[in-house]
**Q** 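The structure under discussion is supplied below as structure tokens; questions concerning it will follow.
Computed from heavy atoms alone, side chains included, the values below leave out hydrogens, waters and symmetry copies. None of the values given here were measured: they were computed from a predicted structure. Each residue takes its place number in the sequence, starting with 1.
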Amino acid sequence: MNIRAQVSMVFHLDKCIGCHTCSLACKNIWTDRKGTEYMWWNNVETKPGTGYPTLWEDQDKYKGGWKLGKGGKLGLKLQGKAKTLGNLFYNRSLPVLDDYYEPFTYRYQDLFDAPASDDQPTARPISMVTGKEMDIEAGPNWDDDLGGSPLYAENDFNLEDLSDTEKAALFETERIVHFYLPRICNHCLNAGCVAACPAGAIYKRGEDGIVLVNQDKCRAWRMCVSGCPYKKVYYNWGTGKSEKCILCFPRLETGQAPACMHSCVGRIRYLGLLLYDADRITDAVTVPDEELVDAQRDMILDPFDPEVVAEANRSGIDPLWIESAQRSPVYKFVKEWRLALPLHPEARTLPMLFYVPPLLPVMGSKASGAFEIEGQDYFGEIETARIPLRYLSRLFAAGNESIVGDVLRKLIAVRLHRRHETVSDCDPAAVDRALVEAGLDAETADAIYRLTSLPTFEQRFEVPPYHREMAIEMMDDPQTRKQMAGVGSRNEPQRGP
């Protein structure tokens, strides 16, 4: 047993309101520099939709992640060792700027210099890359809320295997049923970007599992961009280096939440520590697709198990980190309650950011012009959900519908239990039956409800103590507080990872 620690996050998609506050907070801190104009380390997509960059989930096009070869041998989809040299000179699997969008601003001076006229002056858009006038044709979330149209949703990669009946459930209203999907780097255990880099510039930190790019070693081969199935590594055309989400590790090391989490209006994000067995990585990434989620869950260890605690101590993990793992909200969602799932686990990168699938657009179907639940067969609606179970399973379970179905049943059971407790308009026998079928009891359902609906910031954010004592001493110093207040402002130089 080789126990390691991983800082991880959970996104509760039922709570995301699509406000993009997290994206703007991240961009203002980390990507407000020349060469990063098109980068959104954090972005929020509308699903179903094509995403950012366009169709990033189509690995036949972009060759991200891993594949199982003959004899169950694991290899990168992008290339083997023999093809690496040739791809250095021409990588056919790189997304181009148009797959993201050409960043733009406006020539605001035209508004001041325009002569007197009966017409309203216009600030023409100009490219932030070339400085020339341009027509805006795309953006970081061009299909935000789908613009009231199903045109973008119809091109979603995950809709390919859906039946006509399942697609009809999405398109039965004028505005297609949708939900929001926030995305940052998943800081994977078996990261494709790390394996694809010929220069060895990308590495995974041993103490907390955060994946970083060594700017001194990066040689701009950009294999990391192709190797990442989530397209969360970017090329800075100004510096000639790759950059990516660093999970705000300078903030974590001083006991602060990442900017995206700190600014989240919907409070959808939970951060905590997980302990996992690194010896199981090879076995976990070589199982069949339908077993990938369970294999990843099995890697995550119980921090209360005396044997795990003893082995973690022998592996050099600080006892305070073990205590932090025991308080982790991520452990509860991922391992204890089995509610949070990885994004596209079929890429076999073992992503360590997890999602609670959305329930809000699922319950109910259209009848008499309104969405309603008929009868007491609450779980029956899952099979004919407004967002098809197959669609969610392609996102979060490598096509295993039973795993997503189990999560939705638990979410429904918690909702019914709490409704019975507060409103008492549900059949008590049906509520008890729902809890039993979902594998829950009343105490667990209440615990899920409290951490979902009523958590304090401290309950959502359990950061392990890096150098917290040092940070407290620094913040007690008035000069340090003054310097900290200026970090991230436009008056000070911004730094990449």
Side-chain angles (χ1 to χ4, degrees), residues 1-11 57 59 64-77 158 161 185-195 204 208-209 211 227-230 272-305 307-308 311-312 315 317 325 328 330-357 389-390 392-410 439:
M1 188 181 296
N2 181 8
I3 298 181
R4 300 183 188 179
Q6 171 76 45
V7 174
S8 182
M9 291 182 72
V10 163
F11 300 78
E57 295 161 291
Q59 303 310 332
W66 302 82
K67 63 179 179 181
L68 284 180
K70 295 181 179 179
K73 185 177 181 180
L74 195 69
L76 286 172
K77 284 188 176 181
N158 300 292
D161 295 337
C185 170
N186 286 278
H187 299 278
C188 308
L189 299 185
N190 187 38
C193 60
V194 174
K204 191 171 179 67
D208 55 17
V211 177
C228 174
Y230 308 99
L273 199 69
L274 293 178
L275 301 180
Y276 68 93
D277 186 358
D279 288 341
R280 301 187 190 179
I281 290 179
T282 301
D283 293 336
V285 297
T286 53
V287 298
D289 283 357
E290 62 271 14
E291 300 176 15
L292 283 167
V293 172
D294 286 334
Q296 186 167 353
R297 284 171 172 168
D298 291 341
M299 286 182 54
I300 299 171
L301 304 174
D302 181 359
F304 297 96
D305 186 334
E307 182 180 349
V308 171
E311 189 63 36
S315 297
I317 297 177
S328 171
V330 178
Y331 175 78
K332 291 184 173 68
F333 275 112
V334 175
K335 182 75 171 184
E336 184 176 339
W337 299 332
R338 302 170 77 87
L339 289 173
L341 303 172
L343 180 63
H344 285 296
E346 71 276 7
R348 302 175 185 274
T349 60
L350 298 178
M352 293 306 286
L353 271 63
F354 302 87
Y355 294 81
V356 178
L389 193 61
R390 186 177 303 182
L392 293 176
S393 70
R394 288 200 59 172
L395 271 176
F396 303 117
N400 190 331
E401 297 180 28
S402 65
I403 289 178
V404 179
D406 289 344
V407 172
L408 296 182
R409 288 183 183 89
K410 289 180 181 179

**Q** Considering non-hydrogen atoms only, spot the tightest contact between V330 and G272 and give its length.
**A** CG2-N, 3.4 Å

**Q** Measure the CE-CD distance between M352 and Q6 for me, rounded to the nearest 0.5 Å.
**A** 5.0 Å

**Q** Could you pull out the closest heavy-atom pair between L353 and C185, with the gap in Å?
**A** CD2-O, 3.4 Å

**Q** Count the heavy atoms of every other residue, nucleotide or ligand shown that sit under 6.0 Å from NZ of K204, and state whether that count exceeds 12.
**A** yes

**Q** Any salt bridge linking R394 with D161? Criterion: basic side-chain nitrogen under 4.0 Å from a carboxylate oxygen.
**A** yes

**Q** Excluding sequence neighbours, so at least two apart, what forms side-chain hydrogen bond (donor to acceptor under 3.5 Å, both in side chains) with N400?
**A** S402

**Q** Can you measure from CD1 (I281) to CE (M299) and round to the nearest 0.5 angstrom?
**A** 4.5 Å

**Q** For side chain to side chain contact (heavy atoms under 4.5 Å, CB included), just list the numbers for L68 and L74, CA-CA rounded to whole Å, side-chain angles, deciding distance to a tenth of an Å, and then say yes or no.
**A** CA-CA 5 Å; L68 284 180; L74 195 69; 3.7 Å; yes

**Q** Would you mind listing every side chain to side chain donor-acceptor pair (under 3.5 Å) that reaches into residues 284-296, with sequence neighbours excluded?
**A** D289-R348, D294-R297, D294-R338

**Q** If you apply the rule side chain to side chain contact (heavy atoms under 4.5 Å, CB included), what do you find for H344 with L395, and how did you get there?
**A** CA-CA 5 Å; H344 285 296; L395 271 176; 3.6 Å; yes

**Q** Would a distance-only check, ignoring hydrogens and angles, find a side-chain to backbone donor-acceptor pair under 3.5 Å from N2 to D277?
**A** no

**Q** Of all the heavy-atom pairs spanning A325 and Y331, show the shortest one and how long it is.
**A** O-CB, 4.3 Å

**Q** How far apart are the C-alpha atoms of V7 and L273, what are their side-chain angles, what is the distance that settles it, and do they pass the side chain to side chain contact (heavy atoms under 4.5 Å, CB included) test?
**A** CA-CA 5 Å; V7 174; L273 199 69; 3.8 Å; yes

**Q** For the backbone of P229 and the side chain of Q59, can you confirm whether one donor and one acceptor N or O come within less than 3.5 Å of each other?
**A** yes

**Q** What closest approach, in Å, do V407 and P357 show between heavy atoms, and which atom pair accounts for it?
**A** CG1-CD, 3.6 Å

**Q** Rounded to the nearest 0.5 Å, what separation is found between the CG atom of L339 and the CG atom of D406?
**A** 10.5 Å

**Q** Could you give the distance from CG (N186) to OG (S8), rounded to the nearest 0.5 Å?
**A** 9.0 Å

**Q** Could I get the full list of side-chain hydrogen bond (donor to acceptor under 3.5 Å, both in side chains) partners for K77, not counting sequence neighbours?
**A** none

**Q** Nearest 0.5 angstrom please: L341 CG to L292 CG, how far?
**A** 12.5 Å

**Q** Tell me the closest heavy-atom pair linking L301 and Y276, and the distance in Å.
**A** CD1-C, 3.9 Å

**Q** Could you pull out the closest heavy-atom pair between P351 and L343, with the gap in Å?
**A** CG-O, 3.7 Å

**Q** To the closest 0.5 Å, what do you measure between OG1 (T282) and CG (N190)?
**A** 8.0 Å

